[in-house]
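Whatever order the structure lists them in is the order used to number ligands and atoms, beginning at 1.
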Amino acid sequence: MLRPFALPLGMCWLLAMLVAVPSPLSAQPGQTGISLGSAWYPEQWPESRWDADLELMEKAHMNVVRVGEFAWSTEEPSEGHYDFGWLERAIALAAKHHIAVVLATPTDAPPAWLTSKYPDTLGTDADGHRREHGNRRQFSYSSPQYRSFCREIVAQLARRFGHNPNVIGWQIDNEYTDESFDAATRVQFQQFLRAKYKTLDNLNRHWATAYWSQTYTAWDQIPMESTHGNPGLLLDHKHFVTQMWRSFQQNQIDVLRPLILPTQFITTNIGGLAWSDNWDHYRITEDLSLASWDDYVGQGHLNVARNAMLNDFVRGWKRQNFWIMETEPGSVNWAPVNNALDRGETRALAWQTVGHGADAVLYWQWRSALGGQEQYHGAIVGPDGTPLPIYTEIEQLGKDFAAANPALKGTSPKSDVAMLFTYDSRWAIDFQQHSKLYDQQQVLLDFYSPLESIAQSVDVVEATAPLDSYKLVVAPSLNVIPQALADHLLAYVRAGGHLILGPRSGMKDEYNALNTERQPGPLVPALGGRVEQYYALEGSIPVGDGTALIWAEQLSASNPATTVELRYGKSNGWLDGQPAMLTRALGKGSITYLGTLPDAALMHSLMETAATNAGVHAAFGPVPAEVEVCRRVGRDRVVYIVINHGRSPAHVNFPGRMHDALTNKDLTTVELPAQGVAVLVAEGR
Ligand code: GAL
């Protein structure tokens with residue numbers, strides 16, 4: 001509940017600002033508010049230049065730099081000969097400018113002396129081609145020899161900088177990406193399977209290898225496939241890749257932890273625009289103190305709903321605030337057309353990430369290297385070392401953060417609605433998409449967009465996460481539902497939760513085999529209904545008052561307590577008049593199955609009804625179409641970040657009087673310019 005202020009809002013705020021002493025960055029992310037910074041590569045520049053760079057950063061209110069991630073050949077110019085003096089001086093100079101350091105381990109880019117002397121450390125692509133020096137990520141993630149080199153360089157760094165007060169955290173490697181398909185890795189895959197299945201009979205049964213004479217009689221017969229092959233094998237390969245990256249990471253955590261200050265965090269910057277599916281992001285981030293990711297737009301402009309969802313998805317990995325370890329200072333170099341974001345859009349993007357739980361925003365990169373593969377990438381200063389036009393916008397953001405930090409520190413998003421995700425389900429569907437139109441990010445977004453506009457805050461979490469704090473839980477395509485997950489979901493429903501399952505749910509068991517109950521598998525009895533048949537659609541078909549797209553499942557109810565909420569109209573004969581959505585009240589809650597992807601208007605009305613029934617309301621209240629409201633909640637205050645993503649001004653009315661931390665005014669309404677932002681503070685909860 002918001003409560004009226006005893007003092008005029010502005011005065012409260014003035015007091016808060018006065019007592020907020022400018023402090024060095026805390027190692028506890030978020031405790032001092034939002035940090036601003038960039039990736040900085042001092043090893044690429046003469047030392048005489050560093051002070052000017054840091055001076056410009058400080059002037060833009062930056063307070064963090066990430067250094068060192070590709071600096072192995074500078075840190076260890078020849079085997080066993082280390083040179084960290086330059087790094088120590090760079091960190092000390094940053095401290096002089098009140099800029100804290102995230103120190104990255106350099107293991108994404110092994111030096112040439114290493115890979116040429118020890119070629120077994122090189123990785124092999126899926127087509128059998130052994131990688132070479134000259135790019136990054138050429139190593140084999142499973143090579144014991146490579147891991148031993150990683151341990152050594154990380155230990156050297158940790159001994160030297162693990163107690164440096166200006167190092168606030170560590171980033172391991174950079175964007176874990178490429179697995180390896182060399183013979184030694186395949187042996188490790190076979191050992192992984194042996195440890196999991198114990199006997200070949202067991203493996204053969206779960207993978208149904210009688211099909212196409214795939215039965216294995218020795219472990220070393222098992223191939224290593226990543227795209228085509230037995231669905232059980234493909235899923236296990238994903239689990240294997242996850243385990244390999246996890247142990248690659250743990251190899252470095254084990255070295256770091258005993259040698260560094262307990263206050264220094266350990267993270268890794270996750271790439272692939274958060275959506276890459278090489279490995280399970282929940283498992284990888286489980287071992288880190290903090291999740292961080294690289295949020296790029298690429299071609300075009302900010303897709304507001306998608307970027308909101310992706311940031312919520314990232315927040316769900318550890319179910320806590322996170323860092324934007326890299327984002328573009330206006331443009332990238334790797335999209336088909338590397339257009340620039342409009343003036344104001346870079347700032348709006350940054351505020352959006354903060355609204356969804358980012359506690360730091362770092363740009364990639366400060367200044368482009370004069371050579372190297374990324375000469376065209378966006379940067380903050382030019383090749384001459386003076387500010388590019390984007391500098392002023394980032395400087396503005398620095399001022400914003402400084403003004404809003406007293407309000408934002410210690411806050412995080414809080415939602416009554418959760419969407420559920422598992423990598424097993426994602427993989428199981430993508431191995432056999434059945435319709436190339438079934439794009440899982442888009443399906444997630446189809447459900448997310450109405451929910452986000454209705455509730456103004458949505459969590460995206462792993463399906464096994466605790467659910468009791470949510471009023472409404474929506475699982476768009478939960479394809480793999482083992483019994484334990486079914487029990488977890490049912491416990492939520494019985495205790496009063498409202499669960500909506502989307503199409504393709506409950507088709508597979510944990511070995512990626514078809515379950516025999518039909519969909520939604522172990523939840524069929526609870527739903528009192530099931531999927532009779534699924535159909536990939538060539539075009540749209542009628543359903544309820546709208547249309548269904550891409551996918552349609554013919555449902556049936558078997559329990560008198562199960563009601564049909566939606567039916568298909570006339571289409572392929574099989575679906576005509578058949579149920580498209582079932583619901584059943586169960587315990588204190590309800591379970592619903594929606595077997596299709598309705599058009600946006602129908603989806604909105606279905607989600608609105610579900611939200612109303614579950615008691616979910618907009619956190620802030622109505623806002624114009626292009627305005628986004630994000631909410632961060634603290635112990636004694638609620639902060640609304642209101643962003644006009646439109647290209648014309650928008651008028652926003654507040655649900656009560658609030659203090660805008662950016663303009664330092666008490667307001668009940670605001671006229672936001674195009675790309676404008678307000679950070680509204682209300683005391684109480
Ligand atoms: C990231 C990577 C950076 C840089 C950047 C360019 O994926 O981590 O090192 O290459 O892309 O957009």
Measure up the [X] and [Y] rings against each other and bin them: parallel (under 30°), tilted (30 to 60°), perpendicular (over 60°).
{"X": "Tyr82", "Y": "Phe84", "result": "parallel"}
{"X": "Phe189", "Y": "Phe192", "result": "parallel"}
{"X": "Tyr423", "Y": "Phe313", "result": "tilted"}

* Taking His645 as the fixed residue, which of Glu628, Glu626, Gln675, His301 is the one that meets the side-chain hydrogen bond (donor to acceptor under 3.5 Å, both in side chains) rule? -> Glu628
Only heavy atoms of [X], strictly under 4.0 Å: list the atoms of ligand 1 that pass.
{"X": "Glu175", "value": "1 (C), 2 (C), 7 (O), 8 (O)"}
{"X": "Asp294", "value": "8 (O)"}
{"X": "Phe70", "value": "9 (O)"}

[X] contact mode with ligand 1 (heavy-atom cut-off under 4.0 Å):
{"X": "Glu326", "result": "side chain"}
{"X": "Gln373", "result": "neither"}
{"X": "Gln365", "result": "neither"}

* **Gap between atom CZ of Arg246 and atom OH of Tyr141 - 0.5 Å precision** => 14.5 Å
To the nearest 0.1 Å, how far is [atom] from its closest protein heavy atom, and which atom is that?
{"atom": "atom 5 (C) of ligand 1", "answer": "Tyr296 OH, 3.4 Å"}
{"atom": "atom 10 (O) of ligand 1", "answer": "Glu374 OE2, 2.4 Å"}
{"atom": "atom 6 (C) of ligand 1", "answer": "His377 NE2, 3.2 Å"}
{"atom": "atom 9 (O) of ligand 1", "answer": "Arg136 NH1, 2.8 Å"}

* Asked: Quick check: does Trp334 get an N/O under 3.5 Å from an N/O on ligand 1?
  -> yes
* **Asn174 N/O to ligand 1 N/O under 3.5 Å** => yes
* Hey, does the Lys NZ or Arg CZ of Arg283 hover above the aromatic six-ring of Trp245, less than 6.0 Å from the centre and inside 45° of the axis? -> no
* To do: Assess Arg367 against Trp45: is NZ or CZ under 6.0 Å from the centre of the six-membered ring, and within 45 degrees of the ring's axis?
  =>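 Relative to the ring axis of Trp45, which defines the angle, Arg367 lies inside both limits.
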* **salt_bridge(Arg647, Glu345) N-O dist < 4.0 Å** =>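 Here Arg647 pairs with Glu345 in a salt bridge, since their nearest N and O are under 4.0 Å apart.
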